[in-house]
Amino acid sequence: MFPEVAAEPPLLQNLNPEQRAAVTLPNEHALILAGAGSGKTRVLTTRIAWLLQNGQVSPGGVMAVTFTNKAAKEMMTRLTAMLPVNVRGMWIGTFHGLCNRFLRAHYKLANLPQSFQILDTQDQLSAIKRLMKQFNVDDERFPAKQTQWFIAGCKEDGLRPNMVEARDEETRKKIEIYQLYEEQCQREGVVDFGELMLRSFELLRDNDPIREHYQRRFRHILIDEFQDTNKLQYAWIKQLAGPGSSVLAVGDDDQSIYAFRGARVGNMADFVREFNVQHQIKLEQNYRSYSNILDSANELISHNSKRLGKNLRTDQGPGEPVRVYEATSDFAEAQWMVDEMRQLVRDHGTEPGFARKEIAVLYRSNAQSRVIETALFNAGVPYRVYGGLRFFERAEIKHALAYLRLLENPRDDTSFLRVVNFPPRGIGARSIEQLQDAARAMGASLHDAVSTMSGKAGANLGAFVAKIDVLREQTQGQTLREIIELVLDHSGLIEHYKADREGADRIENLEELVNAAESFVTQEGFGRDAVALPVDELGRPLTQSPASQGLDPNLPPAGEPLAPDADTGETLSPLAAFLTHAALESGDNQAQAGQDAVQLMTVHSAKGLEFDCVFITGMEEGLFPHENSMSDYEGLEEERRLMYVAITRARKRLYLSHSQTRLLHGQTRYNLKSRFFEELPEAALKWITPKHQGFGSGFGFAPNSVAKNDRYTRTSGGFNQDLTRFASPPVPAQKTAPAHGLRSGMQVFHNKFGEGTVLTLEGSGDDARAQINFPRHGVKWLALSVAKLTPV
DNA sequence: GGATTACAGGCAAAA
DNA sequence: CCTGTAATCC
């Protein structure tokens with residue numbers, strides 16, 4: 001079953017020395033610092049192929065962990081292209097996907113029902129809201145979002161309620177809610193994302209035979225994007241890594257952009273120390289971008305202090321300069337971009353134009369996409385927006401899934417409440433409250449409590465529950481496709497949206513759900529959720545009984561489809577498997593997939609992607625860097641890394657743009673251009689704002705400020721700090737424009753509040769306001785015509 | 001009591 | 001701009 005080792009494996013051809021060293025590392029722990037565009041995925045997959053080819057490990061002994069489903073799929077695709085290997089035996093997937101697989105196989109030990117359902121972020125929030133209402137928690141003092149943040153944060157740190165320190169009264173209350181939330185989830189047979197991780201970790205930690213079994217099994221553990229791992233994920237890896245395993249961590253500290261969701265860059269240093277890592281390899285050769293782009297990235301990131309140290313280099317020439325554009329408004333910025341794109345796409349005779357899908361527009365926050373979308377739409381340019389609501393997160397899809405989940409698990413109160421009165425069937429808030437009271441009193445689920453209800457409300461509720469129960473009966477033994485079609489039909493969802501004038505899209509999506517299910521069933525890898533297989537020291541599957549090898553006799557044989565239970569071999573129903581899939585892979589944003597369209601996305605979601613041409617828009621103080629991150633040093637460094645990620649997405653052309661004015665939260669804001677401009681190498685940049693740029697027609701004032709603008713335009717290439725002050729804000733009433741002379745980031749002194757940092761500037765003249773962070777008094781908005789501020 | 005519409009308040013990034 | 005609640009009608 002092992003291919004003979006080739007004399008000179010073609011796998012190693014065309015690898016540079018560092019890459020080759022990484023691929024052929026000895027079987028020990030190692031860290032690879034992989035810069036952007038340095039062929040990281042290639043190294044990872046080639047490493048696995050190399051290990052397999054040399055017979056050092058069998059597929060069953062390999063675990064490769066990623067953060068996104070996309071990365072996992074990419075890895076499997078590339079791997080199968082390299083070697084005729086059955087990827088099904090390997091554990092390749094996201095942290096959450098693998099934890100799910102593990103918990104399904106050992107659900108009894110994990111104290112979960114076999115068909116436990118997974119709450120996504122939305123579901124989790126509504127579960128918390130419901131709980132807080134039930135226990136009369138003041139939602140002014142404890143906003144549900146904040147509570148959700150707290151609970152998720154605790155789990156990311158591996159903390160159960162009893163392990164969290166109650167520093168103050170507020171925290172004590174939050175811990176109490178956390179405790180209640182856990183009980184509620186357990187009662188209802190659901191787990192959230194964090195719980196998937198935490199419970200797998202605890203099972204590994206507390207159950208010696210299980211832990212030792214998996215430690216024996218996984219000879220090679222490879223982790224992608226290691227800089228994004230949180231405390232719990234790191235602890236989980238430590239549990240899995242046994243005496244004979246080799247952990248290969250691949251990461252880039254400069255691309256750590258997920259601190260807000262618990263990522264700890266420090267895990268890289270901890271890994272080196274705690275695993276006694278002897279092999280560290282830096283991949284600094286970049287195969288993606290021209291040097292103007294790379295120099296910009298290198299120079300920018302050099303302004304960060306806490307770095308492991310790494311500098312990207314390329315053999316490609318300088319390429320085009322990085323073009324910088326200053327627009328008068330967000331509207332004008334979008335318009336300029338559309339014009340520029342037209343040029344890029346156009347065939348110039350000697351050189352063919354760029355494909356539209358090779359052009360990406362990146363922005364810091366999702367809200368910025370609207371203006372750009374409008375401009376593209378009006379110009380008739382096809383585009384595709386990532387982010388926002390993904391397929392499985394759309395309301396109509398979630399409704400349909402809620403019905404399906406109730407078939408699988410009637411205790412799922414979150415799903416029950418979502419659809420009990422959708423489509424409307426005469427069950428209002430009052431009836432639901434009564435039902436919740438009854439359920440609480442008898443300690444039962446809402447579903448089971450319905451039988452105690454009487455009167456008209458009881459009749460309506462009874463009819464609903466009966467419908468669910470009948471559907472459950474009817475769908476026994478049916479195919480997934482039939483089940484979903486039946487549910488769509490009998491739930492009344494289709495009918496309801498048919499009556500809605502704007503329901504056509506939703507019906508289309510519901511039909512797409514049937515397709516999604518169909519392709520889930522037929523797709524290769526449907527059964528890839530195989531569970532633990534007993535293995536020998538090299539990770540080869542054992543042919544003898546596992547018990548005779550001293551392994552846990554309860555562990556199942558290899559290759560079973562559909563994640564059979566480790567004990568009984570009982571498999572998950574296709575419906576339950578599909579529901580899991582829906583929760584763990586929120587689905588590509590399938591709008592116009594495959595079409596040659598311009599790509600719009602946040603910088604976060606651009607990570608890992610690359611394009612010929614990249615536009616980074618909204619390069620303004622308060623937006624990028626974002627105002628919520630500007631006040632503290634750590635936050636600012638993360639913003640800088642984010643910018644680093646954005647820049648390194650570009651292969652050939654990079655555009656940076658900022659706008660003097662922007663409509664944000666319904667009002668015009670005057671933002672200064674981003675401080676990041678000053679951290680880029682002048683030689684690599686080219687200022688392309690037209691000299692006599694007038695103000696857009698939508699502004700209601702004439703371009704009478706040409707003199708000023710002209711002066712600004714002359715700063716092309718250089719970024720003279722003093723001049724920027726004259727350039728923005730370009731307010732109609734010019735005499736009052738920049739009278740205060742403040743800049744965000746500036747230190748100022750206030751008679752009452754003391755020293756503080758200017759965060760944001762807004763408005764002009766007598767209305768000018770500044771948001772200032774005073775360490776002693778917090779963040780305040782001050783009217784500049786009133787407040788006495790002196791620069792420090 | 002429930003359904004529908006009107007309006008106020010919040011608003012970063014995401015598996 | 002989207003969500004959650006208040007006001008209104010049935």
Side-chain angles (χ1 to χ4, degrees), chain A residues 65-72 93-100 118-122 124-126 129 133 139-140 143-146 148-149 152 155-156 192-197 224-225 228-230 233 256-263 362-371 373-374 386-390 392-393 395 420-434 455-457 460 496 500 580-589 601-608 618 622-630 635 638-639 641-643 645-646 663-667 669:
Chain A
V65 203
T66 63
F67 274 89
T68 64
N69 293 297
K70 204 172 161 192
T94 62
F95 277 101
H96 295 99
L98 296 182
C99 285
N100 171 62
I118 299 165
L119 299 184
D120 68 11
T121 324
Q122 288 179 36
Q124 189 190 25
L125 186 63
S126 62
K129 279 183 181 164
K133 206 170 206 172
D139 57 354
E140 299 272 303
K145 272 245 178 73
Q146 205 182 300
Q148 181 185 27
W149 180 260
K155 292 192 182 187
E156 278 153 8
D192 59 40
F193 286 138
E195 188 68 25
L196 281 173
M197 282 296 325
D224 193 15
E225 308 278 15
D228 287 337
T229 51
N230 62 36
Q233 285 158 342
S256 155
I257 56 173
Y258 285 110
F260 72 91
R261 65 171 202 213
L362 310 186
Y363 33 80
R364 176 65 235 270
S365 57
N366 275 311
Q368 286 168 252
S369 75
R370 265 214 18 255
V371 194
E373 280 188 70
T374 310
Y386 285 74
L389 276 194
R390 278 168 299 234
F392 288 116
E393 293 168 356
V420 65
N421 196 33
F422 193 92
R425 47 175 72 89
I427 302 168
R430 190 77 204 94
S431 308
I432 290 170
E433 253 171 59
Q434 285 169 5
K456 191 158 155 276
N460 285 341
H496 176 260
D500 186 348
T580 300
H581 167 80
L584 288 176
E585 305 196 27
S586 30
D588 233 1
N589 206 301
M601 66 192 81
T602 63
V603 181
H604 280 93
S605 48
K607 184 159 166 223
L623 251 173
F624 203 179
H626 196 274
E627 56 190 341
N628 298 357
S629 307
M630 284 175 10
E638 178 143 323
E639 294 288 308
R641 290 192 292 269
L642 200 48
M643 180 66 191
V645 168
L663 208 56
L664 206 65
H665 307 318
Q667 54 173 240
R669 301 234 319 214

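Below, read A as the first sequence line, B as the second, and so on, with proteins coming before strands; counting in each chain starts at 1. All values reported here derive from a predicted model rather than from experimental measurement.
One atom, CE of A:Met601, and another, P of B:dA13, lie 15 Å apart when rounded to the nearest Å. Atom NE2 of A:His496 and atom P of B:dA3 are 11 Å apart (whole Å). Taking atom CZ of A:Phe260 as the reference point, atom P of B:dA13 lies 8 Å away to the nearest angstrom. In this structure, A:Asp500 atom CG and B:dA3 atom C1' are separated by 15 Å, rounded to whole Å. Taking atom NZ of residue A:Lys129 and atom C1' of nucleotide C:dT5, one finds them 12 Å apart after rounding to whole Å. Here B:dA15 presents its C1' atom at 12 Å from NZ of A:Lys607, a figure rounded to the nearest Å. Between the C1' atom of B:dA13 and the CD atom of A:Gln368 lies a distance of 12 Å, rounded to the nearest Å. Regarding A:Ile257, its CD1 atom lies at a distance of 9 Å from the P atom of B:dA14, rounded to whole Å.
Of the candidate nucleotides B:dA15, B:dA13, B:dA3, B:dA15 has the atom nearest to the side chain of A:Arg261. Distance from the side chain of A:His604 is smallest to B:dA13 among B:dA13, B:dG2, B:dA15. For A:Arg430, taking side-chain heavy atoms from C-beta onward, the closest of the listed nucleotides B:dA13, B:dA3, B:dG1 is B:dG1. Closest to the A:Pro424 side chain, of the nucleotides B:dA3, B:dA15, B:dG1, is B:dA3. Of the candidate nucleotides B:dG2, B:dA13, C:dG4, B:dA13 has the atom lying nearest to any side-chain atom of A:Thr602. For A:Ser431, taking side-chain heavy atoms from C-beta onward, the closest of the listed nucleotides C:dC1, B:dA3, B:dG2 is B:dG2.
Counting only distance, with no hydrogens or angles, the side chain of A:Gln233 and the backbone of A:Asn230 share a donor-acceptor pair below 3.5 Å. For A:Glu393 (side chain) and A:Thr121 (main-chain N/O), no donor-acceptor pair under 3.5 Å exists by modelled atom type. Put simply, the side chain of A:His604 gets close to the backbone of A:Ile257: a donor and an acceptor are under 3.5 Å apart. In terms of modelled atom types and a separation under 3.5 Å, the side chain of A:Tyr363 and the main chain of A:Val603 share no donor-acceptor contact. A donor-acceptor pair is defined here as one N or O able to donate and one able to accept, closer than 3.5 Å; no such pair exists between the side chain of A:Gln434 and the backbone of A:Ser431. In this structure, the side chain of A:Asn421 engages the main chain of A:Arg425 through a donor-acceptor pair within 3.5 Å.
Between the side chain of A:Ser629 and the base of B:dA12 there is at least one donor-acceptor pair of N/O atoms closer than 3.5 Å. Checked by distance alone, A:Arg364 brings a side-chain donor or acceptor within 3.5 Å of a matching partner on the base of B:dA13.
Residue A:Arg390 places none of its side-chain N or O atoms closer than 4.0 Å to OP1 or OP2 of B:dA14. Within the 4.0 Å cut-off from OP1 or OP2 of B:dA3, at least one side-chain nitrogen or oxygen of A:Asn421 is found. Residue A:Asn366 places at least one side-chain N or O closer than 4.0 Å to OP1 or OP2 of B:dA14.
Position along DNA chain B of the nearest nucleotide to A:Asn69 versus A:Asn628 favours A:Asn628 as the more 5'-ward residue. With the nearest nucleotide of DNA chain B identified for both A:Gly426 and A:Glu393, A:Gly426 has the one nearer the 5' end.
Note on A:Glu639: a base of the nucleic acid sits closer than 4.0 angstrom, heavy atoms only.
Evaluation of A:His665 against the base of B:dG10 yields no stacking contact (centre distance < 5.5 Å, interplanar angle < 30° required).
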